[in-house]
Every structure is written in structure tokens, then in C-alpha cells.
**Q** 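Quick one: this structure, given as C-alpha cells, is what I'll be asking you about.
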Amino acid sequence: MRVYPVPTLLHESDTSWFQSALKVITMHGRVKLKSTAQQEEEKRKEREKKLKIYVAARDACFSKRKEGIMDIEALQLTQQLLSSNPDFATLWNYRREILLHQETVLSEEEVQKLYEDELVFLEGCLKVNPKSYGSWHHRGWVLSRIPRPDWNRELGLCDRCLGLDDRNFHCWDYRRMVVKLSGVPVEQELQFTDRLIGSNFSNYSSWHYRSTLLPLLHPHSPEPPFPLRNARSSSPSSPQMHSHRVCEEQLLKEYELVQNAFFTDPNDQSAWFYYRWLLGRAEREEMISCVYVSREGERVIVAFSRPVNAQAVGLLLVVDGQPLQVDWRSVHPRFRHCPVWICELPPGTISDASNEHNLTVHWTERHTHRDCALYTGRSESWCRDSATDQELFRSELSVEKSSVLQSELQSCTQLLELEPQNKWCVLTIVLLMRALDPLGYEKETLAHFETLKEVDSMRSSYYSDLCSKFMIENTILKMEYAEVRVFSLSGKKLTTLCHLDQLLLVTHINLSSNKLQTLPPQFAMLQCLEVLEADDNAIETLPGLYHLPRLEEVSLRNNQISRLSDLKPLSSCPKLTRLDLRGNPVTQTANLQSELAELLPSVTDLLL
Amino acid sequence: MTNSKKKSRKDLGYHPKMGTQVKDVVLKPDAPSTLLLEKHADYIAAYGSKKDDYEYTLSEYLRMSGIYWGLTVMDLMGQLPRMNREEITAFITACQHDCGGISASIGHDPHLLYTLSAVQILSLYDDLSVIDVHKVVEYVKGLQQEDGSFAGDKWGEIDTRFSFCAVATLALLGKLDAINLDKAVEFVLSCMNFDGGFGCRPGSESHAGQIYCCTGFLSITGQLHQVSADLLGWWLCERQLPSGGLNGRPEKLPDVCYSWWVLASLKIIGRIHWIDKNKLRSFILACQDEETGGFADRPGDMVDPFHTLFGIAGLSLLGDEEIKAVNPVFCMPEDVLQRLGLHPELLS
């Protein structure tokens, strides 16, 4: 036996998503209670009575509307129903039809009064149900119709509503609309968030609002502080909000504010999320980061700073002054958007090693291009910005300001002494270390990741993947400083591979003794790869060993490859001669040797 | 700044006792821990028979979605034949308006939310012929605004949910090219926030439900490379609370429906392994009602079809083999999408 308790209309949870009245229908936050048979019967009768009244009112509304009646009585009828069920969208529509009709028959003063009454009614609805999409939208509509809107009253309403629940996103959105329409200065809104954050640091909505206001008020200077400006396009930046950065001066002030917040309540995630955003860097502008050309196969490979669809962006290849018609394909058929694209030149274009060639790839849409010269006697050539040139994995702050980051790091380290289990603090320390000196702090970073996996074990896979990413970034930096084409990262518990577009020129890669489960399709971006070592992982599939034209040796000892079909991608690598599969379940397959001889005829050195 | 700024607890305002308590629930040791499939099927099968119920009547304004929730969860449990197909398809036909849009129920106005639900239902039944598909396409097309966004209906409410509804409807009808896709994508991307998430409109706070809509939208339109997957994935996996349940925004209570919104988003961006699957599974199972069948938002609360679908669909994404595989973008059985030849993009 159970009774249905009265719906709690102002409950704490944030579950009123698709329709806020789901809390009436779908039982959001309603505790199931036991009751007696008598209570049950009383409830049933009461509900039966309510149902009759409701149905009668609904039918009256529907039939009036059908008859085209647009009078004040109809307004009153819908008002009764909407007061208890503000998500009955059709009734709001009917109300709007009536109000629009009344606009045509009443004087302006009367219309003003009519809409003012509507606002009073809506205020009542919002008091009862502050999370109704229908009520908020209708209020915005009324404000767009009323002859003389009172914006201060609307801002006041928002203040009161946010005073009751400072996370009500309907009200925040309504406030943003009012601010925009009434021309409230951005400074004033920023002060508003100062006030809210000052009274309660734990307010994700306010931090979010700040993230949208700060870049408007203190935009990042348009000139990027790192080199290669001339290679950049002049096109407008991408529309993404998070790429809107804040100028350095303001950034430093902002650090102070956030630090106060997380020292006050180190377990509140809002401030930490915001801080990570402040520490982030602007997104890379869209540009051609590398052009590579190979005489063998007469191939041109182009790498971009972001995934693009080269077939759609208007890419123009010019060889020795002649535009060439070529077909661009991404490194793997799974990618429509990809940072690395390949084309084959018409036979004979660059095959004669005694000729010098000059190539240019134009990205017409972005008004940018990159040249590449292939000299006599050379079999390949490239032109690019390396990860170190671009300071790809570092903070964008200028050198003199890095003392500020250093001081931030000290503060967080002190906080960690007070709160040794605080994962937010540990993660932020890792991020600060990376902003300051990713290679110098590598050892500490690894230790901190171990702590994170321990204190926040639910998200250990996240930390493993993030740590893998940072280790890959460090290894790319080391490789670039050493000016080699060898990428070696073994025994570092790698769980995932990323930044593979940065490895386009790599000829030898060693990923042995990690925790990889696959060589993903992105792996096909390693177009110069000759030797792959990936022993002692947990690799099951190899979709990324796909059309790698120079791949000769593959060592996959002690992995988890169990099916012959998982080796199929290798058949697209024409130069493969050596394959080591010892210690894989697949070696137990019957007739494996002959099956492989058929699948991979180029392999002469097979170890099973 | 110098070392003299060395901070002590006091001058930094560090008050450990002021710390916010994590909003969460505690699972009772006797909470259900096995999947009660039969009870859930019985619960849904019986739900539609309570047509004179007060609460059933109050929910008329979302009936079409209610039917979609019920049918989808029944299909995922292999129980679709228990539902009254003829009655439902006739109802949908009656809900299509001259403008092409479909309403939640008879006498209600058409809206994108219910147009999508109706098209989803008819896709489950492989019976799109009972509505005028051409008119549906025209209706959806007509709701696109100049900035690429979609209004929910002719009254102009703008929301990224409606962008999702529009492309999901058109994709199921094989008519994605009917709208200005570039503009539609541009609008959704303009709703991306500092945390990598998405809100209702440009400037709105990130919310797991909207994130599901926007990542789903970008999947259908083949634009997932525009998502900051690592940043968004971090925000999403931080939705998991010590109870194992997921919330929809920071500092909110867990709720079974976020097992869907958060989990599906993580699946779409290829980061589902960033949460603790076993703990989430325990939380979802604890939200079952052993007496009546069905799932509630949290353990011990009243059940409803909405949470029952998202509980079951969440378990499916977690790999439960008793349930059919669910598609994370459309929230429909994978076999239905296979039949339609739809393979929305997922990040790896």
C-alpha cells in the first residue's frame, strides 16, 4: 500500500530537464511511502474528483479555441489550468493567440495593462514552479510584446529567483536575455557574479557566467605571442566559446579570486573547473602545419593543425608552377575529418631524382599556403612547424608572467599539505607543472598521477589516459629537441595514443611494455613508419596499421591478438617483411602459417 | 609575488568545516542488485491501461514522448509485441497536423519534441507510411532560423534540444539534406562552453541533457571532431558520485536519467571507460522497485516509464547482455538503426 505524497515543487535536485512537470508525471524526487487501505481509498476519491475538474476545464478550453473564441473568459480558464500545470504548452499557445487578438481591439494603455496582468500571473506560476520551460518562455514572449517593458522589474525578478536557487538555469538564461535586450553593461554583470561568488564560492553557474563575460570585457590581444604569425590565416576564429581567451593582466587577477575560492572550500569543484579553464590555452588556429613529399610512390602528404575535410575545403596543389588535379584521401576511410591527408601525383611528375621540384599547397578557403622544395637526389622532403616551434604543449603566458604561475604552484603545494587527499589540488598541481616546464617536472607529474588514481579510483581510467597524453607530449618534445625521427616511449603504462598527427615523420616507434589495447585508426597517420615495436601490451586490434607504405617490421610479441581477421589491416602494408606474433592467442589458430602466407605474402620473416 | 606571501590556513580563509557536503545518496545493503526484467515489462505493459488516472491525464501534454519511452524500453527488453501497435499508429496519424508537425496528443499543438518521438516510434515499427513524411520534412525545415538554430514550434522558443530533434527526425527519414546543415552546426557550436559542455542557447550553462543533445547532433551531422572530447569527457566523468550514480551538473543529486544523458554522451565521444561502470550499474539496479517493477530517479522513490527507459538503456550501454544493444545517439535499439542503414559517427 502506498500513497502519493504531494509533489514537492521546489525540490533541490536538478532533474527537471525535458519537461519540468515531469516531476508530476515522472516521479522525480518523490519518496515512496507506505499507507493504510483507508488512506489509499481517500486519496483515490480525492484524485477522482480532481480529475473531473481538470478534464472539464481542459475540454472547455479546447472547445472555446475550436470555436475561435478569443475573449477574457478564455484567458481566465487557461489561467486556472496553467497555474497547476504550466507545462501544458498548447494552453500557453492559446493564451498568446488571445493576447495577440486583444492587441488589435484594445487601446495601447489597455494592452499595457493586459500584459502587466500577464506578468503578475506569470510571477505566480514561477513561484510555484520556477523550472517550467513554458512559463519562462511565455514571460520572454510577453516582454517582446508589451508596449513599455520595465526591465528593472525583470532584473529584480531574476535577483529574487536566483536568491532562492542560484543554480536555476532557466532564470539565468532569462536574465541573459533581459541583460541583452535592455543593454545592461557587461561590467555590471561581472560585478553581479562578483557578488554571488563573494557570498558563496560554490556556485558553478556564476563561474560559468564569468567565463562568458570576461573575454568580452578583457579580450585576449589578437596578436598571438608565439612565432609563425605569417603562416596564420586571417580568417575569423572559430565560433567556439572556449577559444575566447582573456587578456593576461585580467588572467592574473582572476587567479587570485579563484585561489581564494578553493582555499575556502577545497572540495568544491566549481572553482577548480574554472581554474583549469584559466590555465588552458587558445585553440590552435587552422593552418597547414606540414607538407611532406616523397619520390617513392610520388606522394604528397599534408598535415593540418585541426581535423579538416580536405575534399571540401578547396585544397590546391601546385607543382613547379602548375596546378595539379589530385584526389585527396584521409589516412583512414573512417575519417571524413582528419588532420592528415594524402594524394598521389600523376605518374612521372617527380619520379626523376635528378630533377628539383617546388611544391605549394594552397588552402584557398583560409588564404594560407605552405611551400616545400624537393631537391635533386633527395628521396623525400618536408616543410613544417614542429611542436617545439609552436610551443604546442605549453602555457601561452609570457615568460615574465611565469613567475606568477610558479607562485600559484607554491600555493597549491601548500594547500596539498593541508589536504593531502584532495584530488582537485593534485590535478591542478600537475596542470601548473605542465604550464611551467613539462619535461622538468615529469617525475613529479608521474608520482602525482599515482596519487590521483588512488584517491579517486572511480576515475582511474581518466587519469591513466591523461597521464598517457602528457607522456606522449613530453616524448614528442624530447624527439623534437633531439631532431630525430625516432619515437620511443616504453614502460610508461600508456593506455591510449594521441597526438599521432605530430608523428607524421617518425620512422621508428617503440611502444613496448605499455597497456595499449589497440592501435587505433589514427595510427595510420604515421605515414613514414618503417619499424614498429609494440611488444608486451594488451593489443587486440590493429585498425591503424592501414596503408603504411614504408612499414617493414612489426613486432607485437605478447599481446592479445586472437583472430586472424584482426591481422587483416596489415595486408594493406606492401613492404611488410618481418612480423613477430609470438605470445599472442592467435598463434594457436590451426593452419595459421599458410593462412598468413596467403594474407600477407610480402612477409618473409614470420615469428609465431 | 614573493615567498612572503606564504599562506596559512587562517589568512586564506581556509575553514575545513565550511566545506560543501557532497550531495549524494547512500545505497542500502538490501537494495535490489539483480535486474528484474519481467517486472519491468509488466509494469510498462500495464501503464497505458490506467487511462483514467489523474496523473496519466495530467501528462497528456507529453503523451507522444511517453509512448516512445514505453515502446523503446519494451523493444530493448524484447517485449515490443506486447504493446498495442494498431492503437498507437492510429493515434500518431491522428496527431499529425496540416502543417506536417505532430502533437503530443489529440487537441494539442504540434511541436518538434513530439514530432521526433512519433518518428522514433514509427521507426521502431518500420511503419512510417502512416504519416505524411514529406510534410514532416517541410515542418522541420520551416522551423530553422536564420542563425541556424531551431524553434520548437511556431512560437519561437530556441533550444539546442530542438536542433537535436530536427536532425534526428530528418536522419530517421533519410532527409538530412533538407535543412542548412552548416548553419545548424554553427549554432550548436556557438553553445559550447568553457568546460567543453553545451547549454540551451549561446551563453547558457552546460547541462548533461543538453550535452547529450549537442553531441548527438554533432554525431548525426558528422562533426564530432569539433568537440573538445578530453575536456568534455572530464566534466562528464566528474558527474559520477560516490554512490556510483551520475548527476547532470556539478553539485546536484544523482538521478537514473543521467545514466543515459551522461553515459550516452561519453559513449559518443569515446570516453565511456572514464567512469566506474560497476558502481554505476549498482546504482541503477538499486533504483528498481522490487514490488511494482520500473525504475525511479533514486533508490526508494516512485517509479515511472521515463526513468525505466533510461535505467534500462543505461544498463545496455554498460554492456548488459540481457538487454538489446542501444544506440547512444538515437536512444533506440541498434537493430532498428541497422535496418534503417544509419550509422551515426562515434569517436574512438
Side-chain angles (χ1 to χ4, degrees), chain A residues 12-15 17-19 22 24-32 47 50-51 54-55 62 85 87-90 93 96 137 141 169 172-173 176 202 204-205 208 211-212 239-242 260 263-265 267-270 273 277 307 336-337 404 407 411 414 418 458-459 461-462 520-521, chain B residues 1 5 7 9 12-15 18-20 54-55 57-59 61-62 107-109 111 155 157 186 189-190 192-196 200-201 203-205 207 209 222 225 228 234-235 237-238 240 248-253 255 257 273-276 279 296-297 300-304 306-307 348:
Chain A
E12 275 288 284
S13 76
D14 182 41
T15 50
W17 181 53
F18 241 112
Q19 275 86 15
L22 284 177
V24 179
I25 315 318
T26 72
M27 307 296 171
H28 274 289
R30 293 185 55 185
V31 182
K32 186 173 156 180
R47 288 145 56 83
K50 274 161 76 181
L51 176 66
Y54 181 85
V55 169
F62 279 175
N85 193 357
D87 294 295
F88 197 150
T90 302
N93 298 346
R96 284 188 281 265
H137 175 244
W141 183 86
F169 70 83
W172 277 105
D173 283 344
R176 278 184 274 268
S202 173
Y204 196 89
S205 304
H208 159 79
S211 81
T212 67
Q240 297 170 13
M241 294 293 288
H242 64 284
N260 280 333
F263 266 88
T264 305
D265 182 358
N267 289 307
D268 170 49
Q269 58 190 294
S270 306
F273 269 103
W277 173 67
R336 271 212 306 151
H337 294 86
V404 176
S407 144
S411 305
Q414 284 164 27
L418 305 171
M458 280 199 295
R459 277 162 280 269
S461 299
Y462 169 67
Chain B
M1 298 199 196
K5 206 190 150 198
K7 295 171 168 84
R9 277 171 190 245
L12 282 160
Y14 173 81
H15 305 295
M18 268 178 58
T20 36
Y54 177 57
E55 285 173 349
T57 308
L58 267 190
S59 68
Y61 71 88
L62 52 69
H108 291 247
D109 290 348
H111 196 283
W155 294 101
E157 187 183 4
E186 199 179 298
L189 291 177
S190 75
M192 196 192 277
N193 289 318
F194 80 106
D195 47 26
C200 304
R201 289 178 285 277
S204 304
E205 182 182 342
H207 182 296
H225 63 283
S228 303
W234 178 51
W235 189 92
C237 76
E238 282 294 346
Q240 189 163 34
R249 287 195 289 161
E251 285 122 22
K252 295 285 182 180
L253 282 168
D255 183 323
C257 61
H273 60 291
W274 284 1
I275 56 139
D276 186 326
K279 289 199 92 169
D297 58 348
D301 285 356
M302 299 293 297
V303 299
D304 61 71
F306 176 83
H307 288 96
S348 56

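What's counted below: heavy atoms across the whole structure, side chains too, no hydrogens, waters or symmetry copies. So you know, we letter chains A, B, ... as the sequences are listed, proteins then strands, and number each from 1. Everything numeric here is computed off the predicted structure, so don't read it as measured data.
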**Q** With a 4.5 angstrom heavy-atom cut-off, could you sort out which part of A:Phe88 is near chain B: side chain, backbone, both or neither?
**A** both

**Q** Report the distance from atom CZ of A:Arg47 to atom CG of B:Leu58, rounding to the nearest 0.5 Å.
**A** 9.5 Å

**Q** Could you tell me which portion of A:Arg96 (side chain, backbone, both or neither) has an atom closer than 4.5 angstrom to a non-hydrogen atom of chain B?
**A** both

**Q** How would you list, by chain and number, every residue that makes a side-chain contact (heavy atoms from CB on, under 4.5 Å) with B:Asp109, sequence neighbours excluded?
**A** A:Arg65, A:Thr90, A:Asn93

**Q** Would you compute the distance between atom CE of A:Met458 and atom CD of B:Gln240 and round it to the nearest 0.5 angstrom?
**A** 4.5 Å

**Q** Looking at B:Arg201, B:Glu157, B:His273, which makes the most heavy-atom pairs under 4.5 Å with chain A?
**A** B:Glu157

**Q** Looking at side-chain heavy atoms only, is the closest gap between B:Trp234 and A:Arg459 below 4.5 Å?
**A** no

**Q** Relative to the ring of B:Trp274, is the ring of A:Tyr462 parallel (under 30°), tilted (30 to 60°) or perpendicular (over 60°)?
**A** perpendicular

**Q** Over all heavy atoms of both residues, which pair between A:His208 and B:Phe194 is shortest? Give the atoms and the distance, please.
**A** CA-CE2, 3.7 Å

**Q** Who passes ring pair (Phe, Tyr, Trp, His ring centres under 6.0 Å) against A:His337, sequence neighbours left out?
**A** B:His225

**Q** At a heavy-atom separation under 4.5 Å, does A:Tyr54 approach chain B through its side chain, its backbone, both, or neither?
**A** side chain

**Q** Got a second to check how far B:Arg249's CZ is from A:Tyr204's OH, nearest 0.5 Å?
**A** 10.0 Å

**Q** Which atoms form the tightest heavy-atom contact between A:Asp173 and B:Ser204, and what is the distance?
**A** OD1-OG, 2.8 Å

**Q** I'd like to know if the side chain of A:Arg176 reaches the main chain of B:Gly203, judged simply by a donor and an acceptor atom lying under 3.5 Å from each other, with no hydrogens or angles considered.
**A** yes

